[in-house]
Amino acid sequence: MAIRYKRLGYVALNVSDLDRSEDFYSRLVGLESMGRGPDDCRFLRCSGHHYDIALHKGATPGLKRIGFEMESLESLLELEAALKTAGVATQRVPAEECADYKLRNCVRAVIPHIGATFDFYEAMREHAGRPFVPTVAKIQRLGHFVLKTDEYEAAVEFMKNVLNFRVSDEVEGFITFMRCWPNPFHHSIGIGRGKRKAMHHVNFMVTEVDDIGKAMWRFQKENVPVVNGPGRHPPSGSMFYYYLDPDNLTVEYSFGMEEFPEEKPRKPRVLEAVSASIDFWGAPSDARKSEFGEIETGTM
């Protein structure tokens with residue numbers, strides 16, 4: 001049996017001021033606040049699930065944890081076995097903690113060569129009774145995240161050979177875009193080459209190009225730093241717009257993305273390592289883009 005995923009489930013961020021960040025992600029980004037969890041963490045959603053982003057109080061802002069929802073319990077058990085075969089320590093998250101985080105049957109592991117903690121779980125509780133209603137942006141979903149690592153090649157091989165992620169495209173020697181198969185979207189994770197292990201950005205997919213246009217003026221009015229864009233990513237075909245949250249973590253809106261069939265997808269492309277392979281439009285990029293965002297370690 002192959003390991004099969006349903007979707008990128010959630011991203012948990014460490015922030016310095018919970019109230020300030022909750023206000024930013026709800027009022028300016030367009031997520032819906034869904035109350036509080038353990039240790040006063042804040043849940044926010046952009047879907048029918050209970051949350052897509054969890055904000056935690058942390059001494060160093062950045063990535064706390066990433067969650068992937070599996071297609072079935074059988075796939076979760078298959079994944080757990082693959083990690084153990086690869087010599088990676090795993091933890092069955094206790095039932096009480098699963099209940100606190102609205103998860104069913106969760107396996108946790110620190111991913112080698114990346115250093116980030118991943119939760120793999122069977123399902124997340126849906127929010128009963130009230131659908132997500134977009135506000136300042138018509139967000140479709142939590143789109144993807146990108147991490148950078150000083151063990152780039154080994155990290156990509158682990159994601160492919162152990163976790164069964166599929167490569168969609170690569171900018172040669174620089175970044176690899178991968179999808180959590182058989183989820184169709186071009187990438188739910190990007191692994192980039194870096195001088196250290198760190199968070200690069202987290203992404204929200206929007207419904208209309210107008211969502212990006214409106215954000216340009218909303219962010220200008222609210223003095224939100226814009227660090228890149230608008231531009232166009234050649235690998236996925238997405239239009240992008242990058243900005244900073246109150247802790248200078250990089251966030252992206254993007255519009256449009258290639259989707260892959262489960263059977264007989266096109267071959268991955270290798271793009272030349274030039275700036276035009278990242279942005280066809282040539283938008284200027286601020287040095288603060290993706291400069292901040294530590295990965296929390298030792299959270300098993």
Side-chain angles (χ1 to χ4, degrees), residues 8 10-36 41-49 51-56 61-63 127 130-146 185 188 190 199-233 236-257 278-293:
L8 169 62
Y10 75 85
V11 172
L13 299 175
N14 286 320
V15 299
S16 61
D17 185 319
L18 285 167
D19 291 336
R20 181 180 66 173
S21 290
E22 183 178 20
D23 175 73
F24 176 85
Y25 281 96
S26 58
R27 185 172 59 87
L28 295 179
V29 179
L31 281 71
E32 180 184 6
S33 293
M34 295 298 294
R36 305 187 180 192
C41 83
R42 312 297 168 86
F43 293 135
L44 298 102
R45 70 171 180 161
C46 55
S47 69
H49 297 277
Y51 62 96
D52 299 275
I53 293 289
L55 302 176
H56 295 257
L63 179 69
H127 179 72
R130 182 163 51 89
F132 170 68
V133 178
T135 54
V136 295
K138 296 182 179 70
I139 300 175
Q140 288 185 341
R141 65 183 185 276
L142 173 66
H144 62 264
F145 63 94
V146 173
F185 296 115
S188 54
M199 172 182 160
H200 192 279
H201 71 269
V202 62
N203 163 276
F204 299 98
M205 294 293 299
V206 296
T207 304
E208 305 171 346
V209 68
D210 287 347
D211 292 317
I212 291 178
K214 291 177 181 178
M216 293 171 64
W217 302 114
R218 181 169 73 253
F219 292 165
Q220 180 176 304
K221 179 180 178 181
E222 296 284 345
N223 297 313
V224 175
V226 174
V227 290
N228 193 200
R232 175 80 72 177
H233 288 314
S236 63
S238 301
M239 182 185 294
F240 67 78
Y241 197 61
Y242 291 92
Y243 49 96
L244 301 181
D245 83 350
D247 286 302
N248 290 321
L249 303 179
T250 301
V251 185
E252 179 193 20
Y253 278 153
S254 61
F255 166 68
M257 176 173 276
I278 295 295
D279 178 19
F280 181 66
W281 293 357
S285 183
D286 190 300
R288 293 171 293 176
K289 178 185 175 183
S290 308
E291 185 66 20
F292 304 96

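Computed from heavy atoms alone, side chains included, the values below leave out hydrogens, waters and symmetry copies.
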Should [X] and [Y] count as side-chain neighbours, where that means a heavy-atom distance under 4.5 Å?
X	Y	answer
L142	F204	yes
L55	L44	yes
W281	M239	yes
L244	T250	yes
R288	P225	yes

For the student: nearest non-hydrogen atoms of [X] and [Y], plus distance:
X	Y	answer
A283	N228	O-ND2, 3.6 Å
G237	R232	O-NH1, 2.8 Å
L31	V29	CD1-CG1, 3.5 Å
I278	F240	O-CE2, 4.1 Å
K289	Y242	NZ-CE1, 3.6 Å
I212	P230	CG2-CB, 4.4 Å

Name the one of E22, H49, R36, M34 that satisfies side chain to side chain contact (heavy atoms under 4.5 Å, CB included) with F43?
M34
Can you check side chain to side chain contact (heavy atoms under 4.5 Å, CB included) on V146 and N203, steps first, answer last?
CA-CA 9 Å; V146 173; N203 163 276; over 6 Å; no
Passes side chain to side chain contact (heavy atoms under 4.5 Å, CB included), Y25 versus V251? Steps please.
CA-CA 10 Å; Y25 281 96; V251 185; 3.5 Å; yes
[X] side, atom [atom1]; [Y] side, atom [atom2] - distance, nearest 0.5 Å:
X	Y	atom1	atom2	result
H201	F145	NE2	CZ	10.0 Å
H144	M257	NE2	CE	5.5 Å
D52	E32	CG	CD	10.5 Å
E291	M199	CD	CE	13.5 Å
Q140	E208	CD	CD	9.5 Å
S33	I53	OG	CD1	12.0 Å

Between S290 and H200, do the side chains contain a donor N or O and an acceptor N or O under 3.5 Å apart?
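Looking only at side-chain atoms, S290 and H200 do form a donor-acceptor pair, the distance falling under 3.5 Å.
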Residues which pass side chain to side chain contact (heavy atoms under 4.5 Å, CB included) with R218, listed by chain and number, not counting sequence neighbours:
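Counting only residues at least two positions away or on another chain, R218 forms a side chain to side chain contact (heavy atoms under 4.5 Å, CB included) with L28, V136, A137, K214, A215, Y253.
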When you look at R42 and D19, which way does the salt bridge (charged side-chain N to carboxylate O under 4.0 Å, His left out) test go after all the steps?
CA-CA 9 Å; R42 312 297 168 86; D19 291 336; 2.9 Å; yes
Any donor and acceptor pair, going by atom type alone, linking the side chain of [X] with main-chain N or O of [Y] inside 3.5 Å?
X	Y	result
T207	K138	yes
S26	D23	yes
S238	G256	yes
D247	S16	yes

